[in-house]
Amino acid sequence: MSDERVDLPTPAIPDRHVVSEGLPSPERMRAALDRMTTPGGTGPSDTPDVSDVEVLLAARGDELVRLRAAAADMRDAGLVAAGRPGQITYSRKVFIPLTRLCRDRCHYCTFVTVPGRLARAGQGAYLEIDEVVEIARQGARLGCKEALFTLGDRPEDRWPAAREWLDARGYTSTIDYVRAAAAAVLAQTGLLPHANPGVMTVEEMRTLKTVAPSMGMMLETTSRRLFEEKGQAHFGSPDKDPAVRLRVLDDAGRVRIPFTTGILVGIGETRRDRAESILAIGAVHRRHGHIQEVIVQNFRAKPDTAMRGTPDAELDEFLAAIAVSRLVLGPDMRVQAPPNLVSEQECRDLIDSGVDDWGGVSPLTPDHVNPERPWPNLDVLAEITAACGHTLTERITAQPPYVLAGPPWIDDGLLDDVAALADPLTGLAGAGTRVHA
Ligand SMILES: O=c1nc2n(C[C@H](O)[C@H](O)[C@H](O)CO)c3cc(O)ccc3cc-2c(=O)[nH]1
Ligand SMILES: C[C@H]1O[C@@H](n2cnc3c(N)ncnc32)[C@H](O)[C@@H]1O
Ligand code: SF4
C-alpha cells in the first residue's frame with residue numbers, strides 16, 4: 001500500500017515553511033458554516049466572503065464532518081444535473097516528461113533537474129520525438145487516451161544546453177517543441193495531448209490549441225510572500241509570480257481553452273492565502289467559463305528538495321480545502337484530487353469531501369512529479385469508488401461540456417480526433433473506442 005513503504009523519514013529540522021495558525025472560535029465557525037451550507041445562505045452564485053472561506057478552511061471535528069457532508073451533497077447534486085449521477089471520472093493517460101530542465105527553482109519540486117545530472121545519466125535535454133511517440137504507443141496498447149505533457153518552464157532562458165538542443169533541431173522554443181511532439185503523438189497514435197508546460201503567452205496558447213484539446217497550469221497559490229521572501233517555496237521562480245499566473249488563467253479564458261488549474265496545499269501558504277486562491281479561480285471562471293476542473297493537490301515532501309523537512313499537508317487541513325473548494329466553486333465545477341498522493345483509505349475521505357474526478361491515472365508511466373507515489377491499480381480505484389457509492393467512469397482529457405460544445409472550445413482541426421475517442425452523447429470516453437497504435 002502506498003502509505004507504508006515509500007515515505008522516507010523526514011529530518012526534523014526547524015522549518016520556515018510551516019505556518020502555525022490558530023483555530024477560529026466555535027461561534028465564528030458556526031456562523032460561517034450556516035452561511036455556506038444552508039439553502040438561502042451564500043450559495044455558489046454569490047461570491048462568498050473571504051473571511052468566511054478562511055474560517056471554514058480551519059474546520060475540525062464535527063464541524064469538518066458537516067462541511068464535508070455539505071460539499072459531498074453539492075457534488076452529488078451537480079452530477080445529477082450533469083446527467084451522470086454518481087459518476088466519478090478519471091482519464092487513462094501516459095505521462096510524457098518532455099524536459100526536466102526549467103528556469104524556475106520551486107523548493108518542493110523534485111521533477112526539475114540540471115544539465116550536469118542529465119549528462120551523467122546519459123540523457124538529453126529533451127525527449128526525442130521517437131521516444132515520445134514510443135511512450136504514447138505503449139500507452140495506446142493499454143487503452144490510454146490522453147498524453148499528458150508536463151515539463152519545466154522555458155529552460156532555454158537559463159540553460160545553454162536546452163537552447164542548443166532546440167536550435168540543432170530547428171525549434172524556436174520549448175513551446176514550439178511541445179507543439180511538434182504533441183502533433184506527432186496525435187498523428188501517430190491518436191492519443192489526445194493535454195499540455196501542462198507552465199506559463200504561456202497568448203500566442204503560445206493559440207499555437208498549442210491546434211494540437212491539444214485541453215491545457216492546464218496550477219495557480220498553486222496567490223501568496224506574494226511565498227514568491228518574494230527569500231527561503232520561501234517560490235522565491236527565485238519567475239513563473240510562480242501570482243500576478244503572472246493569474247494573467248495566464250485570464251488569457252486561457254480569452255483563447256477559449258478548456259483549462260485545468262488548481263492549488264497546491266501545504267507549501268507555506270496561510271489559510272487566508274488558500275481562501276484567496278480558491279476565490280481567484282472562481283472569479284476567473286465566472287469571467288470566461290473555461291476552468292474545466294480544479295485540482296486540489298496536497299504537497300508531498302521529497303527527500304531531495306529544499307522543503308524536505310516540511311511536513312506533508314495534514315489530512316484534515318487538506319480535506320477542508322477540498323470541501324471548501326467544492327462549496328465555493330459550486331456543483332458544476334469538476335473538483336479533482338489525485339488518488340496516488342494519499343492512502344487507499346484516504347481516497348474515500350477525498351470522495352466524502354466533494355471530489356468528483358481523479359485526474360489522469362496511468363497503467364504505464366509513473367507520476368513523474370511524485371515518482372515515489374505509484375498509481376493505484378485501476379481495478380482497486382474502481383473498488384474504492386464503488387465502496388463510496390459511486391461509479392468509476394473514464395473520460396478523455398477535455399471535460400464533457402467542452403467536448404459536447406465543440407468549437408470554439410475545441411479547435412476545428414481536432415474535432416475528428418476527439419470524436420474518435422468520445423461518446424457523442426455524454427462527452428465522456430466512448431465505450432470500446434481505442435486509439436490506433
Ligand atoms: O500525474 C500528474 N498529473 C497532473 N496533471 C494531469 C491531470 O491529472 C490530467 O492530465 C488532467 O486532468 C487532464 O485529463 C496536471 C494537469 C494540469 O493541467 C495541471 C497540473 C497537473 C498536475 C499533475 C501531477 O502532479 N501529476
Ligand atoms: C505539476 C504540478 O505538480 C505540483 N507539484 C510539484 N511538486 C510537488 C510535490 N512535491 N508534491 C505535490 N505536488 C507537487 C505543482 O502544483 C505543479 O504545478
Ligand atoms: S514545479 Fe514546475 S516550475 Fe517549479 S521547478 Fe518544478 S518544473 Fe519548474
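In listed order, ligands and their atoms are each counted from 1. Values below: all heavy atoms of this structure, side chains included; hydrogens, waters and symmetry mates excluded.
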K.L.:
Salt bridge or not for Arg154 and Asp104, using N-O below 4.0 Å?
P.N.:
no
K.L.:
Any donor and acceptor pair, going by atom type alone, linking the side chain of His290 with main-chain N or O of Leu249 inside 3.5 Å?
P.N.:
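Side chain of His290 to backbone of Leu249: a pair is present.
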K.L.:
Would the distance check show the side chain of Thr210 and the main-chain N or O of Arg206 forming a donor-acceptor pair, the cut-off being under 3.5 Å?
P.N.:
no
K.L.:
Out of curiosity, is Trp375 lining ligand 1, as in a heavy atom under 4.0 Å away?
P.N.:
yes
K.L.:
What atoms in ligand 2 come closer than 4.0 Å to a heavy atom of Glu220?
P.N.:
15 (C), 16 (O), 17 (C), 18 (O)
K.L.:
Among all protein heavy atoms, pick out the one at the shortest distance from atom 8 (O) of ligand 1; state its residue, atom name and that distance to 0.1 Å.
P.N.:
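Closest protein heavy atom to atom 8 (O) of ligand 1: Gly360 N, 2.8 Å.
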K.L.:
Which residue and atom name correspond to the protein heavy atom nearest atom 5 (S) of ligand 3, and how close is it?
P.N.:
Cys106 N, 3.5 Å
K.L.:
Working note: His234 + Tyr108, criterion ring pair (Phe, Tyr, Trp, His ring centres under 6.0 Å); need CA distance, chi angles, decisive distance, verdict.
P.N.:
CA-CA 9 Å; His234 289 152; Tyr108 43 74; 5.4 Å; yes
K.L.:
Where the side chain of Lys145 meets the backbone of Gly143, is there a donor-acceptor pair that is under 3.5 Å apart?
P.N.:
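Yes: the side chain of Lys145 pairs with the backbone of Gly143.
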K.L.:
Checking a contact table here: which protein heavy atom is nearest atom 14 (O) of ligand 1, and how many Å away?
P.N.:
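Heavy-atom neighbour on the protein nearest atom 14 (O) of ligand 1: Glu146 OE1, 2.6 Å.
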K.L.:
At under 4.0 Å between heavy atoms, which part of Lys240 makes contact with ligand 3: side chain, backbone, both or neither?
P.N.:
side chain
K.L.:
Give the atoms of ligand 1, by number and element, whose distance to some non-hydrogen atom of Thr260 is under 4.0 Å.
P.N.:
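So the answer, numbered in order with elements, is 17 (C), 18 (O).
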K.L.:
Which is it for Asn370 and ligand 2 at heavy atoms under 4.0 Å: side chain, backbone, both or neither?
P.N.:
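Just the side chain.
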K.L.:
Just to be sure I'm reading this right: ignoring hydrogens, which of Met218, Met215, Arg300 gets closest to atom 20 (C) of ligand 1? Compare them by their nearest heavy atoms.
P.N.:
Met218
K.L.:
Using a 4.0 Å cut-off to any heavy atom of Asn298, which atoms of ligand 2 qualify?
P.N.:
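Listed by number with element, the hits are 12 (C).
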K.L.:
Within the structure, does Lys240 bring an N/O atom to less than 3.5 angstrom of an N/O atom in ligand 2?
P.N.:
no
K.L.:
Could you confirm whether Cys109 has any N/O/S atom lying under 2.8 Å from atom 8 (Fe) of ligand 3?
P.N.:
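Cys109 does not place any N, O or S atom closer than 2.8 Å to atom 8 (Fe) of ligand 3.
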K.L.:
Nearest heavy atom to atom 10 (N) of ligand 2 wins, so pick from Arg300, Met218, Met217, Arg373.
P.N.:
Arg300
K.L.:
Ion pair present between Arg271 and Glu317, side-chain N to carboxylate O less than 4.0 angstrom?
P.N.:
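Answer for the salt bridge query: yes.
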K.L.:
Is Arg245 in polar range of ligand 2, meaning some N or O pair under 3.5 Å apart?
P.N.:
no
K.L.:
Looking only at protein heavy atoms, which one is nearest to atom 6 (C) of ligand 2, and how far off is it?
P.N.:
Val369 CG1, 3.5 Å
K.L.:
Report yes or no: does Glu383 contribute a side-chain atom to a donor-acceptor pair with the main-chain N or O of Leu381 at less than 3.5 Å?
P.N.:
no
K.L.:
Among all protein heavy atoms, pick out the one at the shortest distance from atom 25 (O) of ligand 1; state its residue, atom name and that distance to 0.1 Å.
P.N.:
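Residue, atom and distance for the closest contact: Gln297 NE2, 3.1 Å.
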K.L.:
Assert yes or no for the condition that the ring centre distance of Tyr402 to Trp409 is strictly below 6.0 Å.
P.N.:
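Ring centroids of Tyr402 and Trp409 are less than 6.0 Å from each other.
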K.L.:
Mark yes or no: Arg169 above the aromatic ring of Trp165, with NZ or CZ under 6.0 Å from the six-membered ring centre and no more than 45 degrees from the axis.
P.N.:
yes
K.L.:
Against ligand 3, does Arg103 come closer than 4.0 Å with any heavy atom?
P.N.:
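Flag not set, Arg103 not near ligand 3.
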K.L.:
Just go through Arg92, Lys93, Met217, Arg373 and tell me whose heavy atom is the nearest to atom 1 (O) of ligand 1.
P.N.:
Lys93
K.L.:
Write out the residue and atom name of the closest protein heavy atom to atom 15 (C) of ligand 1, then the distance separating them to 0.1 Å.
P.N.:
Ile295 CD1, 3.8 Å
K.L.:
Atom 16 (C) of ligand 1: which protein heavy atom is closest, and how many Å away?
P.N.:
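Looking at atom 16 (C) of ligand 1, the protein heavy atom closest to it is His194 NE2, 3.6 Å.
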K.L.:
Between Arg68 and Ala72 (side chain of the first, backbone of the second, donor and acceptor by atom type, cut-off under 3.5 Å), is there such a pair?
P.N.:
no
K.L.:
Could you tell me whether some N/O pair between Gln297 and ligand 2 is separated by less than 3.5 angstrom?
P.N.:
yes
K.L.:
Which atoms of ligand 3 are found less than 4.0 Å from any heavy atom of Asp153?
P.N.:
3 (S)
K.L.:
For ligand 1, which atoms, with element, lie under 4.0 Å from some heavy atom of Gln336?
P.N.:
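With Gln336 as reference, the close atoms of ligand 1 come out as 7 (C), 8 (O), 12 (O).
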K.L.:
Please state whether the rings of Tyr177 and Tyr171 are parallel, tilted or perpendicular, taking 30° and 60° as the class boundaries.
P.N.:
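Tilted, since the angle between the ring planes falls between 30° and 60°.
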K.L.:
Between Thr261 and ligand 1, which part of the residue brings a heavy atom under 4.0 Å of the ligand: side chain, backbone, both or neither?
P.N.:
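None of Thr261 does.
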K.L.:
Below 4.0 Å from ligand 3: does a non-hydrogen atom of Asp239 turn up there or not?
P.N.:
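Checking ligand 3 against Asp239, which is what was asked, there is no heavy-atom contact under 4.0 Å.
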K.L.:
Assess, by modelled atom type and distance only, whether the side chains of Ser214 and Thr397 contain a donor and an acceptor separated by less than 3.5 Å.
P.N.:
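Their side chains do contain a donor-acceptor pair, which is all the 3.5 Å distance test asks for.
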K.L.:
Any atoms of ligand 1 less than 4.0 Å from a non-hydrogen atom of Ser91? List them with their elements.
P.N.:
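Taking each heavy atom of Ser91 in turn, ligand 1 has 14 (O) under 4.0 Å.
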K.L.:
To which protein heavy atom is atom 6 (C) of ligand 1 closest, and what is the distance rounded to 0.1 Å?
P.N.:
Leu148 CD2, 3.6 Å
K.L.:
Can a donor-acceptor pair be found, under 3.5 Å and without considering hydrogens, that links the side chain of Lys209 to the backbone of Arg256?
P.N.:
yes
K.L.:
Looking only at distance, does Asn196 have an N or O less than 3.5 Å from an N or O of ligand 1?
P.N.:
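It does not: no N or O of Asn196 is found under 3.5 Å from an N or O of ligand 1.
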K.L.:
Need the ligand 1 atom indices (1-based, order shown) with element for anything under 4.0 Å from a heavy-atom of Thr397.
P.N.:
13 (C), 14 (O)
K.L.:
Tell me if a side-chain donor or acceptor on Gln292 pairs with a main-chain N or O of Gln399 at a distance below 3.5 Å.
P.N.:
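Side chain of Gln292 to backbone of Gln399: a pair is present.
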K.L.:
Is the backbone N or O of Ile351 less than 3.5 Å from a side-chain atom of Arg75, with the two atoms forming a donor-acceptor pair by type?
P.N.:
yes
K.L.:
Distance to 0.1 Å, residue and atom name: give those for the protein heavy atom nearest to atom 12 (O) of ligand 1.
P.N.:
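Answer, as residue, atom name and distance: Glu293 OE2, 2.6 Å.
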K.L.:
Inspect the contact between Asp352 and Arg348 and indicate whether a charged nitrogen and a carboxylate oxygen are less than 4.0 angstrom apart.
P.N.:
no
K.L.:
Got the closest protein heavy atom to atom 7 (N) of ligand 2, with its distance?
P.N.:
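Answer, as residue, atom name and distance: Tyr108 CD1, 3.3 Å.
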K.L.:
Is the shortest distance from a heavy atom of Arg395 to ligand 1 less than 4.0 Å?
P.N.:
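In this structure, Arg395 qualifies as a contact of ligand 1 - some heavy atom is under 4.0 Å.
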K.L.:
Step through it carefully: locate the ring centre of Phe111, locate the ring centre of His368, and say whether they are under 6.0 Å apart.
P.N.:
no
K.L.:
So that I can tick it off, tell me whether Arg245 and Asp239 are bridged by a salt bridge, with the cut-off set at under 4.0 angstrom between side-chain N and carboxylate O.
P.N.:
no
K.L.:
Quick one: look up the protein heavy atom nearest atom 8 (Fe) of ligand 3 and list residue, atom name and how far away it is.
P.N.:
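Residue, atom and distance for the closest contact: Cys102 SG, 2.4 Å.
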K.L.:
Please confirm whether Asp367 comes within less than 3.5 Å of ligand 1 when only nitrogen or oxygen atoms on both sides are compared.
P.N.:
yes
K.L.:
Heavy-atom pairs closer than 4.0 Å: do any link ligand 1 to the side chain of His368, the backbone, both, or neither?
P.N.:
neither
K.L.:
Any ion pair linking Asp250 and Arg287 (charged N to carboxylate O, less than 4.0 Å)?
P.N.:
yes
K.L.:
For ligand 2 and Asn196, I'd like to know whether there is a polar contact (N/O to N/O, distance under 3.5 Å).
P.N.:
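In this structure, Asn196 places no N or O atom under 3.5 Å from an N or O of ligand 2.
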K.L.:
Quick one: do the His390 and Asp76 side chains pair a donor with an acceptor below 3.5 Å?
P.N.:
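Side-chain D/A pair, His390 to Asp76: present.
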